Amino acid sequence: METTFYNIGIIGSGAIGGLLGKYWAKAGHNIMFSSRNPEKLKKLAEDAGENAQTGSVEEAAAFGDIILLAVNYKTIDQALEKIETHLDDKIVIDATNPLIKTESGYARPIPKNITAGEWMQNRLPKTNIIKSFTTLWSKYLETESNRKDGLLIMPLSGDHSAHKLKVTRLIKETGFQPYDLGNLSRSKLQDPESPIWNKPLRLKEFEMAIASY
């Protein structure tokens with residue numbers, strides 16, 4: 001088993017980013033939580049333990065060997081503008097969903113003929129995008145970790161096998177079972193409205209859901 005611990009910069013320390021950062025800090029990784037107001041993250045870092053600290057989004061992007069991108073999509077452009085110069089050759093775990101709330105419901109702000117993972121890789125071409133942590137609501141991540149009757153599946157996709165191995169380890173450390181979907185062209189399964197999106201599924205159920213998609 002790999003014993004190396006990573007420096008992980010959390011960009012977006014809300015329900016998803018805050019929870020995953022705590023899991024990884026307790027697993028031994030060094031975590032920097034960030035937001036536009038890092039002073040408000042003091043308690044989150046304290047709860048995560050001695051391996052956690054806080055900083056600005058720019059500081060977290062520079063700090064991390066691996067970056068978790070977990071911001072609301074309505075702020076995605078502002079976030080990327082602040083951090084992209086710090087991301088060259090780094091693994092970026094894209095945990096964002098391409099949804100923006102409107103008066104009539106939700107809108108998809110990216111073209112329909114491209115997956116969210118491919119869009120992010122095109123937007124950050126010098127990074128290594130691994131798409132994951134998009135298919136389960138934050139409450140599931142909190143309450144369904146390490147299920148005794150069978151781990152729930154957490155899919156991942158990306159174009160870089162060696163980098164996916166690192167993210168596979170991080171998924172296991174959150175108490176879910178990794179499932180490699182393949183390249184980012186297959187990450188449509190991780191986008192809203194897919195048959196697995198926001199559904200807590202174990203392996204057999206998961207494979208049945210994706211069989212005809």
Side-chain angles (χ1 to χ4, degrees), residues 1-12 15-31 48 51 64-70 90-98 115-118 120-121 124 127-192 194-213:
M1 178 179 290
E2 184 180 357
T3 56
T4 301
F5 295 110
Y6 308 132
N7 292 338
I8 304 176
I10 308 292
I11 311 299
I16 298 286
L19 181 61
L20 295 179
K22 286 196 286 186
Y23 283 148
W24 292 330
K26 293 181 187 304
H29 302 287
N30 301 307
I31 304 299
N51 293 330
D65 308 311
I66 296 175
I67 305 299
L68 176 73
L69 182 61
K90 294 184 178 182
I91 295 172
V92 176
I93 303 172
D94 179 13
T96 65
N97 275 304
T115 69
E118 290 173 306
M120 191 63 73
Q121 185 66 81
L124 298 172
T127 70
N128 304 294
I129 297 295
I130 306 296
K131 192 75 175 173
S132 195
F133 296 106
T134 62
T135 55
L136 288 179
W137 180 43
S138 60
K139 199 64 178 177
Y140 289 139
L141 292 178
E142 182 179 6
T143 63
E144 302 296 321
S145 174
N146 288 307
R147 274 181 56 158
K148 299 292 189 295
D149 59 345
L151 298 182
L152 297 184
I153 296 296
M154 179 58 66
L156 70 156
S157 59
D159 298 336
H160 312 274
S161 297
H163 301 317
K164 281 195 286 188
L165 286 176
K166 293 182 178 181
V167 178
T168 293
R169 172 190 172 188
L170 293 175
I171 292 172
K172 290 178 179 178
E173 289 171 342
T174 66
F176 293 86
Q177 181 175 341
Y179 191 102
D180 188 352
L181 292 171
N183 294 338
L184 289 173
S185 60
R186 287 283 292 161
S187 66
K188 183 178 179 182
L189 279 161
Q190 296 166 272
D191 290 351
S194 91
I196 63 170
W197 195 72
N198 207 26
K199 293 177 181 174
L201 303 171
R202 288 169 291 185
L203 180 60
K204 185 176 180 179
E205 302 161 333
F206 182 90
E207 292 184 329
M208 289 177 62
I210 69 174
S212 60
Y213 192 72

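Please read these numbers as outputs of a predicted model, since none were measured by experiment.
- A donor-acceptor pair is defined here as one N or O able to donate and one able to accept, closer than 3.5 Å; such a pair exists between the side chain of Asn51 and the backbone of Ala25.
- Counting heavy atoms from C-beta outward, Trp197 and Asn97 have side chains that approach closer than 4.5 Å.
- With a 4.5 Å cut-off on side-chain heavy atoms, Leu69 and Met120 count as touching.
- No side-chain N or O of Gln190 forms a donor-acceptor pair with one of Ser187 less than 3.5 Å apart.
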Criterion side chain to side chain contact (heavy atoms under 4.5 Å, CB included) on Tyr6 and Ile91, from CA distance to verdict: CA-CA 11 Å; Tyr6 308 132; Ile91 295 172; over 6 Å; no
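- In terms of heavy atoms, Pro155 sits closest to Leu181 at CB-CD1, 3.7 Å.
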Evaluation steps, side chain to side chain contact (heavy atoms under 4.5 Å, CB included), between Arg169 and Lys166: CA-CA 5 Å; Arg169 172 190 172 188; Lys166 293 182 178 181; 5.8 Å; no
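- With contacts defined as side-chain heavy-atom distances shorter than 4.5 Å, the pair Leu170/His29 qualifies.
- Atom NE2 in His163 sits 9.5 Å away from atom CD1 in Ile66 (nearest 0.5 Å).
- Leu184 and Gly117 get closest at one heavy-atom pair: CD1-O, 3.7 Å.
- Put simply, CG on Leu151 and CG on Asn146 are 6.0 Å apart, with the number rounded to the nearest 0.5 Å.
- No side-chain heavy atom of Leu68 sits less than 4.5 Å from a side-chain heavy atom of Ile11.
- Panel note: side chain Gln121, backbone Thr127; a donor-acceptor pair is recorded below 3.5 Å.
- When the shell of 6.0 Å around CH2 of Trp137 is examined, it contains 12 or fewer heavy atoms from other residues, nucleotides or ligands.
- A tilted orientation is assigned to the rings of Phe206 and Tyr179, their planes being inclined by 30° to 60°.
- Judged purely by atom type and a 3.5 angstrom limit, Ser132 has no side-chain atom pairing as donor or acceptor with the backbone of Met154.
- Looking only at side-chain heavy atoms (C-beta outward), Leu141 and Thr174 stay at 4.5 Å or farther from each other.
- Between the Asp191 side chain and the Ala116 main chain, a donor and an acceptor come within less than 3.5 Å of each other.
- For Lys148, there are no salt bridge (Lys or Arg N to Asp or Glu O under 4.0 Å) partners, not counting sequence neighbours.
- Closest approach of Ile16 and Ala70 over heavy atoms only: CG2-CB, 4.4 Å.
- Heavy-atom minimum distance, Thr134 versus Asp94: CG2-O, 3.6 Å.
- Shown here are the ring pair (Phe, Tyr, Trp, His ring centres under 6.0 Å) partners of Tyr23, two or more places apart in sequence or in another chain: there are none.
- With hydrogens and angles disregarded, a donor-acceptor distance shorter than 3.5 Å links the side chain of Asp65 to the backbone of Asn7.
- Remark: Lys188 NZ is loosely packed, at most 12 non-hydrogen atoms of other residues, nucleotides or ligands lying under 6.0 Å away.
- Heavy-atom minimum distance, Ile196 versus Leu189: CG1-O, 3.1 Å.
- Residues Leu152 and Arg202 meet the side-chain proximity criterion, which asks for heavy atoms closer than 4.5 Å.
- Distance check: Glu118 CD to Lys131 NZ gives 11.0 Å after rounding to the nearest 0.5 Å.
- Take Asp180 and apply the salt bridge (Lys or Arg N to Asp or Glu O under 4.0 Å) test, not counting sequence neighbours, and it matches Lys164.
- Atom CD of Glu207 is separated from atom CG of Leu201 by 11.0 Å, given to the nearest 0.5 angstrom.
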